Amino acid sequence: MTKIASHRGGTHLWPENSRLAFRQTAALPVELVEFDVHHTADKVLVVHHDATIDRMTDGKGEIGRLTYEQLSKFVIVGAAGETIPTLDEVIDIFAPSPVDLRLEIKTRPDGTAYEGMEEAIVERLVASGMLSRCMVTSFSLERLDAFRKALEAAGHNVSELLGLIWLCSPVVIRQVGWIGVDAALAAYGIFEIGIRAEMISVLAIAPLSDRGVIIHGWAAHDIEMATRMFDLGIASFTTDRPDIAIATRAKQEMR
């Protein structure tokens with residue numbers, strides 16, 4: 001079954017990556033919630049898309065240069081006074097629900113890593129019992145490799161996750177081609193890939209699928225793209241409009 005992931009908690013329905021969005025998503029008939037994780041200056045794991053808070057809050061600054069106390073002074077625009085949630089708070093919302101996690105490892109604005117963040121994420125997933133209910137994704141193969149090593153150092157392995165997925169951007173695909181993409185996956189020993197929805201086709205993904213690579217989608221925000229994901233049997237896809245994806249699946253199941 002193709003799984004639906006509510007992107008940032010349903011960006012086009014509620015303020016992205018907010019407790020409000022996550023509480024609403026937890027009540028939806030979707031399989032996954034997608035969200036992004038950063039580190040504060042004092043190493044608190046927080047859930048926010050951008051590496052800076054300028055776009056989505058009433059403040060300004062880089063998350064990695066603010067302490068959690070400083071970060072908590074700013075509120076998310078349109079979220080009725082909510083502040084940026086911690087990873088623990090998001091886990092607490094979804095742990096009692098049937099909705100699993102699709103966690104994206106983010107980086108600083110310049111693309112460099114947050115020191116020790118992968119280890120911290122592993123610790124929280126293990127401690128909360130959510131490791132087996134989590135897909136881990138990143139646009140950086142290096143961060144996925146770091147996460148895998150952190151898992152192994154903690155006595156766990158990738159097979160305990162729902163997935164370890166390289167999010168491959170259209171820019172990368174255009175630069176290196178599908179052969180180059182396949183080579184990069186093989187070099188890092190990654191067997192799952194997330195591709196932007198409009199770039200997914202039978203012809204494009206056939207060589208990857210033939211090698212056993214599991215295909216996921218992202219940015220399937222309308223009926224056309226959601227239908228394509230279901231028709232192609234994609235493992236999962238993110239959408240800013242989970243309501244549209246839910247309705248599209250229901251219509252397909254009535255065929």
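A quick note: this is a predicted structure, and the numbers were derived from the prediction, not measured.
Between H7 and D240, the side chains place a donor N or O and an acceptor N or O closer than 3.5 Å (distance only, hydrogens not considered). If you check the side chains of E192 and H216, you find a donor sitting under 3.5 Å from an acceptor. T67 and E69 are not linked by any side-chain donor-acceptor pair at a separation below 3.5 angstrom, with hydrogens and angles left out of the test. Looking at T86 and D88, their side chains never bring a donor and an acceptor atom within 3.5 Å of each other. A side-chain N or O of R102 and one of S236 form a donor-acceptor pair less than 3.5 Å apart. Judged by distance alone, the side chains of D110 and T112 do bring a donor and an acceptor atom under 3.5 Å apart.
Here the side chains of M225 and R196 are not in contact, with every heavy-atom distance at 4.5 Å or above. No side-chain heavy atom of E118 sits less than 4.5 Å from a side-chain heavy atom of I121. Between V46 and L87 there is no side-chain heavy-atom pair separated by less than 4.5 Å. Proximity of D243 to L28: side-chain heavy atoms (C-beta onward) are nowhere separated by under 4.5 Å.
Test I165, L164, L167 against L144 for side chain to side chain contact (heavy atoms under 4.5 Å, CB included) and you get one pass: L164.
Residues L141 and A184 come closest through the heavy atom pair CD1-CB, 3.9 Å. Minimum heavy-atom separation, T238 to A219: OG1-N, 3.1 Å. Contact between V77 and D58 at its shortest, heavy atoms only, is CG2-N, 4.3 Å. L20 approaches P15 most closely through the heavy-atom pair CD2-CD, 3.9 Å.
Ion pairing of R148 with D145 is present here, as a side-chain N (NZ or NE/NH1/NH2) and a carboxylate O approach within less than 4.0 Å. Looking at R249 and E31, a side-chain N of the basic residue comes within less than 4.0 Å of a carboxylate O on the acidic one, giving a salt bridge. For R55 and E16, the salt-bridge test passes: some basic side-chain N is under 4.0 Å from an acidic carboxylate O.
The line from CE of M130 to CG of D100 is 6.5 Å long, rounded to the nearest 0.5 Å. Distance NE2/H49 to CD/E34: 7.5 Å, rounded to 0.5 Å.
Both V158 and Y188 sit in one connected hydrophobic cluster of ILVMFWY residues. Membership requires side-chain heavy atoms under 4.5 Å apart, directly or through other members. Hydrophobic clustering (side-chain heavy atoms under 4.5 Å, transitive across Ile, Leu, Val, Met, Phe, Trp, Tyr) keeps I105 apart from F139.
Heavy atoms from other residues, nucleotides or ligands lying under 6.0 Å from CD of E89 number more than 12.
Ring-plane geometry between H12 and H221 is classed as tilted, the angle between the planes lying from 30 to 60 degrees on a 0 to 90 degree scale.
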